[in-house]
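Index from 1, following the sequence. Everything quoted here is computed from the prediction, not taken from an experiment.
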Amino acid sequence: MERSEKGMKKNGEEGEEKLSEVIKSIEKTLGILHQLYLTVSSFNVASQLPLLHRINSLVAELDSLMSMSQHCDIQLPLEVLNLIDDGSNPDAFTRDILNSCIAKNQTTKGKTDSFKSLRKHLLEELEQAFPSEVEAYREIRASSAAEMKRMVQAQGALPNGDMKVKNEL
């Protein structure tokens with residue numbers, strides 16, 4: 001397992017390194033584009049050779065960027081690309097998704113609280129009508145909860161269902 005963790009770290013570091021190279025290449029491309037803009041905006045016959053040199057630099061950098069992109073696997077939602085094309089901030093997409101998740105979480109929490117309240121109300125009503133059966137139910141429920149807790153602890157799982165992971169260095 002130690003070997004696979006090192007391999008995963010190595011792959012992660014390589015991915016970050018490649019992404020860093022792509023970012024640097026994009027920055028260099030933007031710099032070349034700025035120089036190209038300045039050259040074109042003040043174009044005269046004497047600036048033809050620097051213009052050709054900058055165009056060749058741009059083509060070479062774009063070629064380099066294209067070859068580097070083959071080694072980076074980054075997936076973006078199509079909505080983000082559409083927002084960028086529309087001139088919007090892609091952070092708006094993230095904010096909207098986060099707000100949507102918060103709203104769904106609140107809805108789910110409301111439903112959960114409603115069911116808890118219903119359960120409590122039903123148990124109170126049942127206890128008034130059938131006190132001995134409700135007491136037996138609570139005993140069964142407590143023993144099954146204790147058994148479940150013992151099973152979870154034996155399996156090394158956390159109460160929320162996650163598994164404990166032993167870090168090996």
About how many Å separate CG of Leu98 and CG of Asp91, when rounded to the nearest 0.5 Å?
11.5 Å
Is there a continuous path of hydrophobic side-chain contacts, each under 4.5 Å between heavy atoms, that joins Leu52 to Leu33?
no
Same cluster or not: are Leu51 and Leu38 linked, directly or through other Ile, Leu, Val, Met, Phe, Trp or Tyr residues, by side-chain heavy atoms under 4.5 angstrom apart?
no
Is the number of heavy atoms from other residues, nucleotides or ligands under 6.0 Å of Glu79 CD greater than 12?
yes
With sequence neighbours left out, write down each residue that passes salt bridge (charged side-chain N to carboxylate O under 4.0 Å, His left out) with Lys28, or none if nothing qualifies.
Glu61
Pick out which of Ile84, Asn82, Leu78 makes a side-chain contact (heavy atoms from CB on, under 4.5 Å) with Val80.
Ile84
I'd like to know if the side chain of Thr107 and the backbone of Ala103 have a donor-acceptor N/O pair within less than 3.5 Å.
yes
Are Ile26 and Leu19 connected in a single hydrophobic cluster, I mean Ile/Leu/Val/Met/Phe/Trp/Tyr linked by side-chain heavy atoms less than 4.5 Å apart?
no
So do Glu139 and Ser143 actually touch side chain to side chain, heavy atoms under 4.5 Å?
no
Say whether, by atom type as modelled, one donor and one acceptor occur between the side chain of Ser25 and the main chain of Glu21 under 3.5 angstrom.
no
Among all residues two or more places apart in sequence or in another chain, which pass the side-chain contact (heavy atoms from CB on, under 4.5 Å) test with Leu123?
Arg119, Val134, Tyr137, Arg138
With Lys120 via salt bridge (charged side-chain N to carboxylate O under 4.0 Å, His left out) - residues at least two apart
none
Looking at Glu147 and Arg150, what are the two nearest heavy atoms and their distance?
OE1-NH2, 2.8 Å
Check Ser42 against Ser47 and note the closest heavy-atom contact, atom names and distance.
O-OG, 4.2 Å
Could you give the distance from OG (Ser114) to NZ (Lys109), rounded to the nearest 0.5 Å?
10.0 Å
Would you find more than 12 non-hydrogen atoms of other residues, nucleotides or ligands less than 6.0 Å from Phe130 atom CZ?
no
Sub-3.5 Å donor-acceptor pair from the side chain of Thr108 to the main-chain atoms of Lys104, do we have one?
yes
Asp86 side chain to Ser88 main-chain N or O, any donor-acceptor pair under 3.5 Å?
no
CD1 of Ile32 to CD of Glu27, rounded to nearest 0.5 Å, is 12.5 Å
Roughly how far apart are Ser20 OG and Glu17 CD, rounded to 0.5 Å?
8.0 Å
Nearest 0.5 Å, please: how far is NE2 in His121 from CG in Leu118?
7.5 Å
Quick one: are Thr29 and Leu58 in side-chain contact, heavy atoms under 4.5 Å?
yes
Pairwise distance OH(Tyr37) to CG(Leu30) - rounded to 0.5 angstrom:
15.0 Å
